Novice: 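Mind having a look at this structure? Questions to follow.
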Protein chains: 2
Amino acid sequence: MTNFIILTYIFLDTMQITLAGEYALRAMIFLSSQGVGVKCTIIDISKAKRIPEMFLRKIIPLLCKSGLIISKKGKSGGIFLARDPNKITPLDILEAVDGPIYLTKCINDKNFCQEVEWCSVHSIWNEILVEMRNKLSQKSIVQIAVESEKRKLLHINKLNS
Amino acid sequence: MTNFIILTYIFLDTMQITLAGEYALRAMIFLSSQGVGVKCTIIDISKAKRIPEMFLRKIIPLLCKSGLIISKKGKSGGIFLARDPNKITPLDILEAVDGPIYLTKCINDKNFCQEVEWCSVHSIWNEILVEMRNKLSQKSIVQIAVESEKRKLLHINKLNS
DNA sequence: GTTAATATGACAAATTTTATCATATTAACA
DNA sequence: TGTTAATATGATAAAATTTGTCATATTAAC
């Protein structure tokens with residue numbers, strides 16, 4: 001007997017960054033701020049980063065499938081980073097959850113636009129996409145976590161002074 | 001008696017480029033390829049650019065309200081460009097239809113994210129947005145129409161040779 | 001007044017996103 | 001071996017957004 005597993009849940013044809021993607025970013029930044037190999041539960045993360053728990057439970061397996069985190073079932077189970085977060089970028093995370101990002105039907109759906117070959121708007125969209133993917137993969141989530149922490153302290157100091 | 005007119009139709013809080021936006025681009029590029037002041041009907045445009053007529057009828061008024069085109073009702077009415085298409089960019093058109101573009105809830109919804117002040121992901125989104133708006137306003141729709149036409153000819157020549 | 005065009009508002013359909021729940025699975029440990 | 005505490009999965013619901021249609025109103029030319 002053969003089993004066909006159809007993986008369509010959440011991982012759809014998104015043109016945009018979804019909430020799920022943003023939650024995943026938060027979750028991963030949290031994990032990397034905890035340190036490599038430190039195990040957390042989904043509840044920990046959802047509380048710390050204000051992510052609806054049940055929704056996070058749908059997102060976590062996607063991060064597992066992409067090899068960004070490892071999850072352990074069972075008592076004393078949990079979630080931890082699968083690899084060096086210095087080498088994980090926001091792009092990795094967003095694509096794990098939202099699938100390949102793109103911006104318009106135009107550059108993604110061959111049936112939608114019959115002028116792909118020459119239409120000059122396509123080049124603009126493609127350039128934007130390249131630039132977007134660049135920026136989303138320039139910093140690791142560690143850098144982001146560290147920078148954010150610094151700014152947070154500055155911010156708090158400013159409030160107190 | 002006071003009338004409150006609520007303008008929410010289509011013009012919503014979009015994070016993405018909608019189909020409506022892409023159709024609007026097509027329509028405007030068509031108009032600019034026809035020449036300034038040349039009147040077209042909605043049916044002309046919908047046929048030429050394969051846009052569902054009734055949907056286009058919802059989009060056209062948005063382009064009017066933004067002052068990109070002028071529409072005339074009545075017999076021998078129609079649509080024509082309101083200003084020099086050399087000074088109209090894709091950004092003008094997309095924002096006329098989709099409203100201000102942005103990418104994530106994160107940088108747009110104060111309630112969604114309480115870490116706006118310091119979170120380093122925000123800066124990335126903002127940079128991407130700036131870059132995106134830049135690219136979408138670098139070329140006029142005339143330039144785009146001309147470039148596309150050139151490429152189209154090249155493409156046809158290649159097929160025939 | 002007839003005709004031919006756009007405008008508007010109500011609404012319907014489709015799609016996508018967000019969210020929840022019940023159940024299954026897994027592993028530690030007493 | 002059973003209990004407990006964690007994640008995984010699949011069904012489904014709810015909400016939001018986008019796409020599309022229709023009937024009616026408005027407008028202007030002739």
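All of these numbers come straight from a predicted model, not from anything done at the bench. Throughout, protein chains are lettered first and strands after them, A, B, ... in sequence-line order, and every chain is numbered starting at 1.
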Novice: Look through every strand shown and name the nucleotide pairing with D/dA16 as Watson-Crick or G-U wobble, where both distances are under 3.5 Å.
Specialist: C/dT15
Novice: Just verifying a value: how many Å separate A/Asp92 CG and A/Ser137 OG, rounded to the nearest 0.5 Å?
Specialist: 8.0 Å
Novice: Which nucleotide wins on minimum distance to the side chain of B/Phe55, given the candidates D/dG20, C/dA28, C/dA19?
Specialist: D/dG20
Novice: With a 4.0 Å cutoff (strictly under), does any side-chain N or O of A/Ser76 reach OP1 or OP2 of C/dC29?
Specialist: no
Novice: In whole Å, what is the span from the CG atom of A/Leu56 to the P atom of D/dT9?
Specialist: 15 Å
Novice: Of the listed nucleotides (C/dT18, C/dA5, D/dT9), which one gets closest to any side-chain atom of B/Lys73?
Specialist: C/dA5
Novice: On DNA chain C, check which nucleotide each of A/Gly21 and A/Lys72 is closest to and give me the residue with the more 5' one.
Specialist: A/Gly21
Novice: I need the NZ-P distance between A/Lys39 and D/dA6, as an integer number of Å.
Specialist: 10 Å
Novice: Quick check on D/dT9: is either OP1 or OP2 less than 4.0 Å from any side-chain nitrogen or oxygen of A/Lys65?
Specialist: yes
Novice: Is the phosphate of D/dG20 approached by B/Tyr23 (side-chain N or O, under 4.0 Å from OP1 or OP2)?
Specialist: yes
Novice: Let me see the working for A/Val36 and A/Phe80 under side chain to side chain contact (heavy atoms under 4.5 Å, CB included), right down to the final yes or no.
Specialist: CA-CA 7 Å; A/Val36 183; A/Phe80 55 93; over 6 Å; no
Novice: Can a side-chain donor-acceptor contact be found between B/Ser46 and B/Glu53 if the only test is distance below 3.5 angstrom?
Specialist: no
Novice: Using a 4.0 Å heavy-atom cut-off, does B/Ile43 contact any base of the nucleic acid, only the sugar-phosphate backbone, or nothing at all?
Specialist: nothing
Novice: Nearest-Å distance, CD1 (B/Ile42) to P (D/dG20)?
Specialist: 15 Å
Novice: Whole angstroms only, please: what is the CZ-C1' distance between A/Arg57 and C/dA24?
Specialist: 14 Å
Novice: Which of these nucleotides, D/dT19, C/dA4, D/dT7, is closest to any side-chain atom of B/Lys75?
Specialist: C/dA4
Novice: Just how far, in rounded Å, is P of C/dT15 from CG of A/Asp98?
Specialist: 20 Å
Novice: Which of the following nucleotides, D/dT21, D/dA8, C/dA7, is nearest to the side chain of B/Lys58?
Specialist: D/dT21
Novice: Whole-Å distance between C/dT26 C1' and A/Ile60 CD1?
Specialist: 17 Å
Novice: Does a sphere of radius 6.0 Å around NZ in A/Lys49 hold more than 12 heavy atoms from other residues, nucleotides or ligands, not counting ones at 6.0 Å or beyond?
Specialist: yes
Novice: Nearest heavy atom decides the nucleotide; on that basis, is A/Met54 or A/Gly74 closer to the 5' end of DNA chain C?
Specialist: A/Met54
Novice: Would you say C/dT16 has OP1 or OP2 under 4.0 Å from some side-chain N or O of A/Thr18?
Specialist: no
Novice: So, A/Asn126 and A/Ser123: side-chain donor and acceptor under 3.5 Å apart, yes or no?
Specialist: no
Novice: Whole angstrom is fine here: how far is it from CD1 in B/Ile70 over to P in C/dT6?
Specialist: 15 Å
Novice: Whole angstrom is fine here: how far is it from CD in A/Glu53 over to C1' in C/dA22?
Specialist: 14 Å
Novice: Checking contacts here: which listed nucleotide (C/dA19, D/dA6, D/dT27) is nearest the side-chain heavy atoms of A/Pro52?
Specialist: C/dA19
Novice: Side chains of B/Met132 and B/Leu91, heavy atoms from C-beta outward: is any pair under 4.5 Å?
Specialist: no
Novice: Let's test this: given Watson-Crick or G-U wobble pairing with both distances under 3.5 Å, identify the partner of D/dA28.
Specialist: C/dT3
